[in-house]
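Residue numbering restarts at 1 for every chain, and letters A, B, ... go by the order of the sequence lines.
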2 protein chains.
Amino acid sequence: MTSAATISDVAIMAGVSIKTVSRVVNREPNVSEKTRDRVAQAITQLRYKPSLAARGLAGGRSFLIGLLYGNASDSFLGELQRGILRTCRERHYGLALFPVMQQAPDMQADVLGWIGSTQPDGIILSPPLSDDTALVDALLESGVKFISVSSAGTGRGPAVHIDEAAAAQQMTRHLIGAGHRRLGFVKGPADHVCSCLRYEGFCAALSAAGIPFDDSFIARGDFHFSSGVEAAKQLLSGPNRPTAIFASNDDMASGVMHVAYQKGLTIPGDLAVAGFDDTPVSRQLWPGLSTVKQPIQLIGQTATERLLTDISGAKNENSDNGTEPKHRLAEREILPFELMLRASTKG
Amino acid sequence: MTSAATISDVAIMAGVSIKTVSRVVNREPNVSEKTRDRVAQAITQLRYKPSLAARGLAGGRSFLIGLLYGNASDSFLGELQRGILRTCRERHYGLALFPVMQQAPDMQADVLGWIGSTQPDGIILSPPLSDDTALVDALLESGVKFISVSSAGTGRGPAVHIDEAAAAQQMTRHLIGAGHRRLGFVKGPADHVCSCLRYEGFCAALSAAGIPFDDSFIARGDFHFSSGVEAAKQLLSGPNRPTAIFASNDDMASGVMHVAYQKGLTIPGDLAVAGFDDTPVSRQLWPGLSTVKQPIQLIGQTATERLLTDISGAKNENSDNGTEPKHRLAEREILPFELMLRASTKG
DNA sequence: ATGGTTATTGACAGCGCTGTCAATGCCGGT
DNA sequence: ACCGGCATTGACAGCGCTGTCAATAACCAT
């Protein structure tokens, strides 16, 4: 293996200056067809690949997007990464991961330190980090470009997400439409904005249908399977149990189903169960779990596109009149969700 | 937000040369206590973070590990990433992802191109890529350091994994021990080395127990849920159906359970089911799925450690006598697995 | 042909850091 | 006092690329 070709190798081979090669690589204008072809050919022959590090250092950009995430579920992160990477690949950007340990006291310093040394051109903030006001403020102040995905967040900074409340409301309406009047709900963790919104949607549907709100039908979970188990035990313990339970995510819903089976209840006969997220498990459970599908890949893709657009926008933002209003990202983009109705709610 | 501090800011503040700051940052020897302290203090005050790009360019290393993966399951990748990132963070390394599209014709060029521009200091190869002889050969030839995880691979290059065959054999023995004599098996895709090994383990246990091999009890899947469904339909169609089915992974096992329910079979009463991987779904299914747990995080951690050790080893490999044998990575490291026995196999 | 454009190209400085090597200071031994 | 030897430090030249700006070529209308 010979060491990789550098830009000057290409320049020599094509008989042009280094700068011209750079122009071709970066698709800059003002290079004649002939030269461009000659350079392109040299590039292919030498298998030249520009060094990200050098481009970054010289050009002041790293060609890296950073993904910050807390302890979200694997399937969520997997989908999100797929979406992000699709756009990244198109635009010749790389993705660097940074798992944030939210409980750590110096979490913010950690994050800012990582950003400082990695110098990603933009950051994608996945829930529940997007709900962390202090972190978002720190990012805002640091001047890094960022965007939140799948979370309405704290209202600061741009975001791409679905209308969680509407989705929850629609699913609840579906349950009500199936004849249920005693509806249980398993909330998510209080510090997730989305779990509040889902709860709001649930409540809105109840009141729209004129169903009185019953506090004993509400349990709190933390989005994990085991908390769904606990919640279900609580909800299904009394004599006057709900006939349907809507859990704020699929993992907790599967916990609910677990308990139902243990108690000998049939699904959906004795108990209808609905979840949220359309994780793979919702299809694999028996019976299939009705749930809300977020277009997570699309969210990731969209967020990345906006971020990259914003980045290259900022790059060419040096001269001209400063009079025209700064081209900030449109603050939020709402994507459509989809109800996945499966056997767990169909009598 | 003022622009980030550079090394020369620190040097000025501490009243030393740039090089000395560099020494402190890199923990090089031969810096007096006093100087070191003074520099350290300046670093903290200025919140100085060395730029990866610059370090990479100047030092010839990128401080980046690349993770190449095909279409593995989210939970597998999630766990793996967690393990890798744990070590990365300790060693101040970053992780860059590269999803390989295996079906693409120019896949190898893609990968090599990415490596060329990103210039990761090392590469982790996750299955099923580690089984791709052509790719592994290309990497070997390119001279990048790499290590395969969770796969015995093609025998070329270092790897960290469990003894898949032994694990499958042990699980099979467990089923036999529970009294089963008609054992079904759902194979994985043929091009995954691990699915072959799992199958071998299954066969080994059968013959060790003197159970005749019945070809009609063997079905082929592709590690996805739906293929488990198909396989189960096939295996459970005849009159003389197996009393236990061992699927080569959890997703297919959950497909098997799905079909069993559809046919009105009880688990484990009418049919015992076992899987492989201990994905979250194995706990969330009803009844809980017996499965084999690989210590995936540990595998990721271990692989990363070896890779980084190898990298820094190679860095100091310039002078000295070339007589002592090259310090190659010990080729493979076998980690222990664990049988997770749950209700799906317990009568 | 002449001046005025505009399209095309390259020389050069530097991005923030590390490796090399030379310079300095300090020690003990004679 | 003198020298070898080692610990400590800094000057300097790049790493591979991009931005700036000046130089040249090519073109147009007059």
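- Atom CG in L52(A) sits about 19 Å away from atom P in dC15(D), given to the nearest Å.
- Of the side-chain N and O atoms in S22(A), one or more sit less than 4.0 angstrom from OP1 or OP2 of dT18(D).
- Per the geometry, CG belonging to L57(B) stands 12 Å off P belonging to dG16(C), to the nearest Å.
- Residue S51(B) places none of its side-chain N or O atoms closer than 4.0 Å to OP1 or OP2 of dC17(C).
- Comparing dC17(C), dG16(D), dG10(D) by their closest approach to the side chain of V16(B) singles out dG10(D).
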Nucleotide N/O to protein N/O under 3.5 Å, stretch nucleotides 4-8 of chain D:
residue : atom : partner : partner atom : Å
dT8(D)  : OP2  : N30(B)  : OD1          : 3.4

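- Contact check for V160(A) versus L335(A): side-chain heavy atoms found under the 4.5 Å cut-off.
- The distance between atom NZ of K34(A) and atom P of dA7(C), rounded to the nearest whole Å, is 19 Å.
- Within the model, atoms CD1 of I299(A) and CD1 of I147(A) stand 11.0 Å from one another, a figure rounded to the nearest 0.5 Å.
- As a whole-Å value, the separation of I12(A) CD1 from dG16(D) P is 12 Å.
- Each of V21(A) and K19(B) was assigned the nucleotide of DNA chain D with the nearest heavy atom; the assignment lying further toward the 5' end belongs to K19(B).
- Here the side chain of R332(B) pairs a donor or acceptor atom with the backbone of G157(B) at under 3.5 angstrom.
- When distances run from any side-chain atom of I18(B) to the nucleotides dT18(C), dC17(D), dG19(D), the shortest one goes to dT18(C).
- Each of G59(B) and R38(B) was assigned the nucleotide of DNA chain D with the nearest heavy atom; the assignment lying further toward the 5' end belongs to R38(B).
- As judged by a 4.0 angstrom heavy-atom cut-off over every strand, F63(B) is placed among residues making no nucleic acid contact.
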Donor-acceptor list for residues 119-129 of chain B side chains, cut-off 3.5 Å, not counting sequence neighbours:
residue : atom : partner : partner atom : Å
D121(B) : OD1  : S62(B)  : N            : 2.8
D121(B) : OD1  : S62(B)  : OG           : 3.2
D121(B) : OD2  : S62(B)  : N            : 3.2
D121(B) : OD2  : F63(B)  : N            : 2.9
D121(B) : OD2  : Y93(B)  : OH           : 2.8

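- In this structure, the NZ atom of K49(A) is 17 Å from the C1' atom of dC17(D), given to the nearest Å.
- With dT20(C), dG16(D), dG19(D) as the choices, the nucleotide that has an atom nearest any side-chain atom of R23(B) turns out to be dT20(C).
- Within the 4.0 angstrom heavy-atom criterion, no nucleotide atom of any strand lies near V25(B).
- Of the candidate nucleotides dC17(C), dT9(D), dG16(D), dC17(C) has the atom nearest to the side chain of R55(B).
- In this structure, M13(A) and A42(A) approach most closely via the heavy-atom pair CG-CB, 3.8 Å.
- Counting heavy atoms of neighbouring residues, nucleotides and ligands inside a 6.0 Å radius, atom CD of Q41(A) does not exceed 12 of them.
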